[in-house]
Amino acid sequence: MGKSQFTELFHRHHGNPILTANDLTYPANTVFNAGAAKVDGDILLLIRVEDKRGISHLTAARSCDGIHNWRIDPEPTLPPSPDTHPEEIWGIEDPRLTYLEEKDVWAVTYTAYSKGGPLVSLALTKDFRTFERQGPVMPPEDKDAALFPRRFDGRWAMIHRPVPHITGAGAHIWISYSPDLKHWGDHRMLIPARRGGWWDANKIGLSPPPIETQDGWLILYHGVRVTGSGVIYRLGLALLDLNNPGRLIARSDEWVFGPSEGYELFGDVDKVVFPCGWIRDSDKILLYYGGADSCIALATASLSEMLSWLREHNNMAEE
Ligand code: BMA
């Protein structure tokens with residue numbers, strides 16, 4: 001395969017968008033940015049639902065094939081709980097789901113929209129019906145967080161994206177470690193946003209949780225390009241060392257997916273593709289993404305094609 005500039009790694013489902021607010025049994029403004037998991041033989045999406053106040057909650061949808069016949073909870077599955085968790089006053093958003101084998105539990109990392117700004121919160125669940133909130137794990141402003149499924153040298157690891165208050169410092173992807181999922185430290189920058197004219201200049205963030213492959217942890221991340229007519233959210237690939245996820249070993253030069261269809265170009269926020277979940281079925285990847293902050297769409301890809309493309313397109317340059 002040559003270095004063709006527009007290799008299509010991701011193939012949109014012909015029936016996109018697969019879910020809109022009309023599929024809910026209760027009124028809402030939009031559905032988008034869903035986490036994804038395989039649970040009890042179903043594909044489960046934990047959907048971000050924005051109500052007509054502008055506040056988001058999470059609702060579970062289940063389907064046998066991950067495409068059709070979604071069985072959506074008839075009321076919010078995980079509503080914000082500002083009485084017990086004041087940091088959730090303006091809603092909860094953008095969940096990422098990681099199965100922690102050692103604990104036989106799903107970790108849900110999500111954005112809690114607090115009076116002090118968006119922060120990262122963690123909840124644990126076995127069935128996506130009842131949840132045990134662990135509270136905030138990163139202070140504001142921080143979002144786009146996901147856990148790795150296992151420990152490294154005894155410590156859990158989490159990717160996240162703090163935003164510094166210094167103008168021009170850029171918003172980069174970081175990694176932090178914890179002995180107990182509660183106390184986090186050893187914070188390090190993991191993937192810096194590029195600078196200048198790059199598609200991923202100045203502001204990036206993790207999209208779905210990392211996937212373990214023979215080449216390393218595969219990362220899909222978003223780059224936020226500021227243009228004269230607003231921002232464009234596009235996606236690129238990176239790889240982290242399997243035993244030391246704090247080590248970046250590859251990063252794509254070009255983006256691999258960006259908004260081009262009507263449901264990605266026009267919505268509450270135009271020109272956005274924003275995945276929070278992907279499902280692996282041997283070599284096949286099902287990528288679930290929010291389109292223009294207004295609907296949920298599906299694209300498929302081959303894991304081995306992504307890895308071989310990344311080998312050819314590895315460019316660690318930051319400038
Ligand atoms: C990001 C997040 C996402 C959203 C995206 C585009 O900052 O808030 O939830 O999809 O912006 O608006």
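Being a predicted model, the structure only gives us computed values, none of them experimental. Nothing fancy with the numbering, it's 1 onward along the sequence. As the structure lists them, so they are numbered: ligands from 1, and atoms in each ligand from 1.
Within the 4.5 Å cutoff, no side-chain heavy atoms of Asn69 are placed close to those of Ser63. Taking the side chain as every heavy atom from C-beta outward, Ile232 and Asp270 never approach each other to under 4.5 Å.
Partner of Met158 under the side-chain contact (heavy atoms from CB on, under 4.5 Å) criterion, out of Leu206, Leu122, Thr109: Thr109 alone. The residue from Asp73, Asp40, Asp127 that alone fulfils the salt bridge (charged side-chain N to carboxylate O under 4.0 Å, His left out) condition with Arg62 is Asp73.
For Arg12, the salt bridge (Lys or Arg N to Asp or Glu O under 4.0 Å) partners two or more places apart in sequence, or in a different chain, are Glu264.
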Go through it in stages, so that I can follow the logic: the residues are Asp186 and Arg188, the test is salt bridge (Lys or Arg N to Asp or Glu O under 4.0 Å), and I'd like the CA-CA distance, side-chain angles, deciding distance and then a yes or no.
CA-CA 6 Å; Asp186 206 359; Arg188 293 149 196 240; 2.9 Å; yes

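The immediate protein surroundings of ligand 1, defined as residues with any heavy atom under 4.0 Å of it, consist of Asn33, Arg48, Asp94, Lys143, Tyr233, Val269, Val272, Phe274, Asp293.
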